[in-house]
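All remarks here apply to the structure that follows.
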Amino acid sequence: MVLRYLTAGESHGKALTVIVEGLPAGMPVLASDIESELARRRLGYGRGPRQKFEKDEITLVGGIRHGRTLGSPVAIEIQNSEWFRSDKWHDEMSPAPGKTAKPLTQPRPGHADLVGMQKYGFDDARDVLERASARETAARVAAGALAKLLLSHVGASIVSHVIQIGDVRSNLGSLPSVADLEQIDASEVRCFDAVAEARMIDAIKSAAKDGDSLGGVVEVVAHGVPLGLGSHVHWDRKIDALLAQAIMSIQAVKAVEIGDGMSVAGMRGSEAHDAIHWDEATRAYRRETHRSGGTEGGITTGEPLIVRAAMKPLATLNKPTMKTVDMVTKEETVSFKERTDVTAVPALGVVGETMVALVLAVEAQRKFGGDSLREFIHNATSFASTLAE
Ligand code: EPS
């Protein structure tokens, strides 16, 4: 059994739900392990008014007893705070039969609105946008918290940081470690470079003033990833391919890079790879550089895994200026207005960590198996000792 998960829920409905199946039994879990990850996702300069009151209160509905997993599906409900603080959305999002008084018919360019309405036969963009919303990533982060816990038992940990917002790039030569995470989370834009951080905040202020939005790039680094996850034998078992799909599934992400994937394309072969040497102290093959991003042949090498994700500027603008068409009159107009963030790039780092954790947890289970956490750890330790031999 390997982990799989399914999320349900709309951005302005009552709650989000996630069911995570396939975790080994006996894994210690506290509600605070999940709540702390959800709190990290709410961080970030440039988020909209929603994050000021969103609390992400959770209920552990199933699969956990006396502080550890049972091996049965774990179900987690995350309240949408807005539903409980006012009745603003109760009619608009009611599951009972009815009709909205205010259909949204001026789709936002770059959003799922228009194609979603065409594909599903809706005449109100809200039928699409409520689920297309990045609010759904809260449910993924709850699942990812469990994946991170599982990975921690085989020595893996995951960090992320923002390396670009708008056209401002950070200038960090080295990879952040888990010890740096507190400092990164303390940064208003989750950037590790203080000079770039100040310029990123200025860029967000300037875009906010214009009613505009900004995209950017985050880097996710997984340390201590067991060697041997993924496989070279089939296209759909390559770890790079699985990571790319998972990262590209995040709302508004339009590009993914493993290691220095984009820049090595312009190098010569003699400089583009990571030389291999033998380290007698740890009795392991090591690579001093990390251009390949910790994978070779679709398999994790045991070196830091490096994944970058590029997010486009959010399609919802506080001052909509891009041309669109009113779907009723077919006249040229600007899109309807929805409450929004100026940028969600700081939160993207935490969601990126989540998706990397979920992929690695699945592949670690595929490699090591085990119905109980003890069996999983035993099998991983046994594989590591065969390598050292
Ligand atoms: C989002 C729009 C905003 C964000 C939301 C994602 O929501 P609202 O329209 O309610 O202000 O705050 O993100 C979250 C609610 C969240 O928890 O991340 C969108 O359109 O994608």
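Quantities reported herein were computed from a predicted structural model and do not represent experimental measurements. Note that ligands are numbered from 1 as they come in the structure, with each ligand's atoms numbered from 1 the same way. Numbers here simply count residues along the sequence, with the first being 1.
Aromatic pair Trp83/His12: centroids not less than 6.0 angstrom apart.
Atom numbering of ligand 1 starts at 1 in the shown order; those under 4.0 Å from a heavy atom of Asp341 are 4 (C), 12 (O).
Taking 4.0 Å as the cut-off, Arg47 counts as a neighbour of ligand 1 on heavy-atom distance.
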| field | Residue pair Thr7, Arg131: steps toward the side chain to side chain donor-acceptor pair (under 3.5 Å) verdict | value | CA-CA 10 Å; Thr7 73; Arg131 182 63 187 165; 2.8 Å; yes
| task | Go through the steps to decide whether Arg190 and Asp185 satisfy the test salt bridge (charged side-chain N to carboxylate O under 4.0 Å, His left out), and finish with yes or no. | result | CA-CA 5 Å; Arg190 300 198 67 258; Asp185 284 348; 2.8 Å; yes
| task | Report the C-alpha distance between Arg140 and Thr354 in whole Å, list the side-chain angles of each, state the deciding distance to 0.1 Å, and finish with yes or no for side chain to side chain donor-acceptor pair (under 3.5 Å). | result | CA-CA 7 Å; Arg140 298 198 211 186; Thr354 291; over 6 Å; no
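From the protein, the heavy atom lying nearest to atom 6 (C) of ligand 1 is Ser133 OG, 3.5 Å. Among all non-hydrogen protein atoms, the one lying nearest atom 21 (O) of ligand 1 is Ala134 N, 2.9 Å. Ranking the protein heavy atoms by distance from atom 7 (O) of ligand 1 puts Arg50 NH1, 4.0 Å first.
By the 3.5 Å distance cut-off applied to N or O atoms, Ala132 is not counted among the residues near ligand 1. Taking only nitrogen or oxygen atoms, main chain and side chain alike, Arg339 reaches within less than 3.5 Å of ligand 1.
Donor-acceptor pairing under 3.5 Å is recorded for the side chains of Thr137 and Arg41.
Counting heavy atoms under 4.0 Å from ligand 1, residue Gln51 touches it through the side chain alone. Contact annotation: for Asp56 versus ligand 1, there are no heavy atoms closer than 4.0 Å.
Counting heavy atoms only, Arg41 comes closest to atom 18 (O) of ligand 1 of the residues Glu130, Arg135, Arg41, His12.
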Run the side-chain donor-acceptor check on residues 55-62: report pairs under 3.5 Å with partners two or more places apart or on a different chain.
residue : atom : partner : partner atom : Å
Asp56   : OD1  : Arg135  : NH1          : 2.9
Asp56   : OD1  : Arg135  : NH2          : 2.9
Asp56   : OD2  : Arg42   : NH1          : 2.9

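A heavy-atom distance below 4.5 Å is found between the side chains of Glu130 and Met93.
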